[in-house]
Amino acid sequence: MTSSKILNAVIPLVADLAQEMTERERLRRLLAALRTLLPADAVALLRLEGEWLRPVAMDGLVPDALGRRFKVAEHPRLAQLLAAGQAMRFAPDSPLPDPYDGLIAHSLHQGPLHVHDCMGCVLQTGGLAWGLLTLDALQPGRFEGSQALELLQAFSNLAAATVATAERVQQISQVARSANAPAARGPAQGAHGMRQILGSSPAIRQLQKHIALVAASDLAVLITGETGTGKELVAQAVHAQSARADRPLISINCAALPDNLVESELFGHVRGAFTGALAERRGKFEQAHQGTLFLDEVGELSLPVQAKLLRVLQSGQLQRLGSDREHQVDVRVIAATNRDLADEVRAGRMRADFYHRLCVYPLVVPPLRKRDSDTLVLAGSFLEENRSRLQLGGLRLDSAAQAALLRYPWPGNVRELEHCISRAVLKALSRTLPQGKDRARPRMLSIGEEDLWDAAAAAPMPPGLAGAALPASAAPAIESASTPLASHGLRDSLQAYERQLVSASLARHNGSWAAAARELQLDRANLQRLAKRLGIERH
């Protein structure tokens with residue numbers, strides 16, 4: 001009976017191995033085949049990356065589960081499965097928390113139901129643990145009997161062959177793309193909990209293709225996109241997939257550099273070059289020698305500094321401040337900005353030759369509103385980070401909260417989503433644990449739509465979550481929202497809107513730039529630059 005069941009599942013999968021398809025589709029078929037063998041409510045395939053397990057495919061779990069990263073040390077069931085080395089089942093009354101409690105998809109409208117039957121198996125490739133297959137059921141006793149374990153153990157060998165084939169196909173594809181740069185590395189796997197570019201929307205898949213393509217070269221890259229989209233993550237991904245991955249990635253925020261220290265920070269200085277220069281110091285370019293230099297907010301650099309950077313970009317030669325000696329550097333430059341640099345060139349705020357040196361290969365990071373259901377995947381990642389940081393048993397979004405997250409356009413993009421999730425978790429926890437009462441933390445904490453509303457109210461940054469997810473009566477009134485854009489043009493209307501927001505915030509805080517910057521979630525220096533561009537006088 002067992003062999004015939006496996007044979008029926010194996011036949012279509014063997015045919016799949018010879019077909020060209022995406023890794024995601026291959027793994028999806030793998031899990032679908034497993035659910036024909038065993039009556040699970042949810043199945044997941046997790047890859048082991050250092051001390052973390054990353055879901056790469058799932059069936060039956062809520063969408064945000066795909067964005068979570070599970071630290072093995074914090075999830076005893078996953079740790080036991082890895083240690084067992086073979087298929088094992090947990091007793092229905094096991095006191096160990098299940099990482100999927102409250103995350104079974106068809107239980108979403110029934111409250112945070114706990115998993116009552118759980119089993120799993122290690123997948124091995126090349127004699128090493130590749131990851132885990134896990135199966136969960138809400139009904140106790142669903143996996144009783146030895147046959148279920150035998151089926152899972154036998155199926156794990158087929159699963160290991162499938163993932164090995166998928167990885168081999170991916171490697172061949174990468175070699176083909178990197179023919180001119182054979183030392184280039186594969187995609188970063190996010191080991192040790194490092195953040196990755198999450199999501200599978202068409203916009204993100206296209207971005208990742210461009211990242212893989214340009215990473216294999218030494219071309220200068222200009223990353224553009226709205227504030228909060230994750231431009232620094234893109235820069236890290238380009239470096240990690242390049243031949244320079246084992247060399248330093250040096251980052252510098254150009255917007256935070258005082259004008260009198262820009263040259264020293266970038267090019268270094270010698271002793272006595274200026275007051276306070278007590279010793280010779282290497283600049284960021286020399287620190288990044290044979291590696292990558294990331295110039296964040298590059299649009300903030302002054303014209304004189306742009307002229308001096310141009311020489312380094314052209315020839316790789318620089319002089320430390322106060323020195324006549326030439327230094328040669330081999331640096332790959334990646335720059336990022338939320339400004340339209342072509343407009344900056346036309347306005348005379350950026351040199352055309354500097355712009356063209358930076359923009360050899362442009363990468364545009366899509367805003368979150370153009371990334372479809374990636375919102376829930378990202379929310380899942382932030383939920384797991386908060387669960388770990390606050391030492392909670394489990395964290396979930398109820399259906400209303402999921403709908404609210406998908407409904408909102410996220411003008412602050414991924415950063416706004418991250419902050420909103422963090423505040424909502426604290427709001428939900430305070431609602432469950434009133435101040436002044438010493439109560440045990442709940443095993444499962446659900447985030448509801450009302451927690452998102454409270455989170456929005458805690459950070460009045462219009463336009464924010466309160467303006468889109470709250471009821472109309474609770475949304476803040478914005479006078480300029482009724483002004484027809486057609487009468488002024490989009491750019492002028494947006495500048496007028498920004499001017500009103502900044503002026504209103506300064507008025508509320510009696511002209512305090514620091515308080516206004518906190519309210520608007522901006523760096524104080526960036527806020528002052530924005531105000532200057534908008535014609536708002538400093539008092």
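Computed from a predicted structure; not experimentally measured.
Between the side chain of R371 and the backbone N or O of P202 there is no donor-acceptor pair closer than 3.5 Å. Without hydrogens or angle criteria, S388 side chain to E385 main chain gives no donor-acceptor distance under 3.5 Å. Remark: the backbone N or O of L426 is paired with a side-chain donor or acceptor of S430 at under 3.5 angstrom. Judged by distance alone, with hydrogens and angles left aside, the side-chain atoms of Q208 form a donor-acceptor pair with the main-chain N or O of I197 at under 3.5 Å. Checked by atom type and distance alone, the side chain of N386 pairs as donor or acceptor with a backbone atom of F382 at under 3.5 Å. Formation of a donor-acceptor pair under 3.5 Å by the Q241 side chain with backbone atoms of A216 is not found in this model.
The closest side-chain heavy-atom distance from S422 to R389 is below 4.5 Å. Residues H327 and Q319 fail the side-chain proximity criterion, which asks for heavy atoms closer than 4.5 Å. Looking at heavy atoms from C-beta onward, T375 lies out of side-chain contact with V377 at the 4.5 angstrom threshold. By the 4.5 Å heavy-atom criterion applied to side chains, R68 and L383 are counted as neighbours. Between P366 and L207 there is a side-chain heavy-atom pair separated by less than 4.5 Å. Side-chain contact check for Y361 versus L363: some heavy-atom pair is nearer than 4.5 Å. Between K284 and F294, the closest side-chain pair of non-hydrogen atoms is not below 4.5 Å. The closest side-chain heavy-atom distance from V56 to L66 is not below 4.5 Å.
Taking the six-membered ring where the residue is Trp, F285 and F267 present parallel rings, their angle staying beneath 30° rather than reaching 60°.
Remark: Q290 pairs with R247, D330 by the side-chain contact (heavy atoms from CB on, under 4.5 Å) rule, at least two apart or across chains.
Remark: L293 CG to S251 OG distance equals 8.0 Å, nearest 0.5 Å. For the atom pair CG of L257 and CD1 of I252, the computed distance is 4.0 Å after rounding to the nearest 0.5 Å. Rounded to the nearest 0.5 Å, atoms CZ (R311) and CG (L318) are 8.0 Å apart. Atom CZ in R47 sits 6.5 Å away from atom CZ in R54 (nearest 0.5 Å). One distance of note links CD1 of I204 with CG of L198; it measures 9.0 Å at 0.5 Å rounding. Here L45 contributes atom CG and M58 contributes atom CE; the two are 10.0 Å apart, rounded to the nearest 0.5 Å.
Look at R387 and E74 and you find a salt bridge, because one of the NZ, NE, NH1 or NH2 atoms lies within 4.0 Å of a carboxylate O, short of that distance. With respect to E49 and R69, no salt bridge is recorded, no charged nitrogen being found less than 4.0 Å from a carboxylate O. Between K231 and E226, none of the side-chain N atoms (NZ, or NE/NH1/NH2) sits under 4.0 Å from a carboxylate O, so this pair counts as no salt bridge. The pair R320-E286 meets the salt-bridge criterion, with a side-chain N (NZ, NE, NH1 or NH2) lying under 4.0 Å from an Asp/Glu carboxylate O. Ion pair D343/R349 not flagged as a salt bridge, since none of the NZ, NE, NH1 or NH2 atoms sits closer than 4.0 Å to an Asp/Glu carboxylate oxygen.
What you find for V414 and L378 is that their closest heavy atoms are CG2-CD1, 4.0 Å. In this structure, G199 and D374 approach most closely via the heavy-atom pair CA-OD1, 3.3 Å. Scanning all heavy atoms of the two residues, the minimum distance from L301 to Q306 falls at O-NE2, 2.9 Å. In terms of heavy atoms, H289 sits closest to V329 at ND1-CA, 3.6 Å. Closest heavy-atom contact between L417 and L405: CD1-CD2, 4.2 Å. For the residue pair L103 and R396, the shortest heavy atom distance occurs at CD2-CB, 4.0 Å.
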For a side-chain contact (heavy atoms from CB on, under 4.5 Å) check, start with the C-alpha distance between Y355 and L222, then their side-chain angles and the critical distance, and finish with the verdict. CA-CA 9 Å; Y355 167 68; L222 178 62; 4.1 Å; yes
Test side-chain contact (heavy atoms from CB on, under 4.5 Å) on L310 and R357 and set out the steps. CA-CA 8 Å; L310 188 61; R357 281 287 176 181; 3.5 Å; yes
side-chain contact (heavy atoms from CB on, under 4.5 Å) for L266 and L309? Distances and angles first, verdict last. CA-CA 9 Å; L266 292 174; L309 272 172; 4.1 Å; yes
Quick one: do L376 and Q402 satisfy side-chain contact (heavy atoms from CB on, under 4.5 Å)? Show the steps, please. CA-CA 7 Å; L376 294 181; Q402 289 190 20; 3.8 Å; yes
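Side-chain contact annotation: N413 with T229, donor-acceptor N/O pair under 3.5 Å absent.
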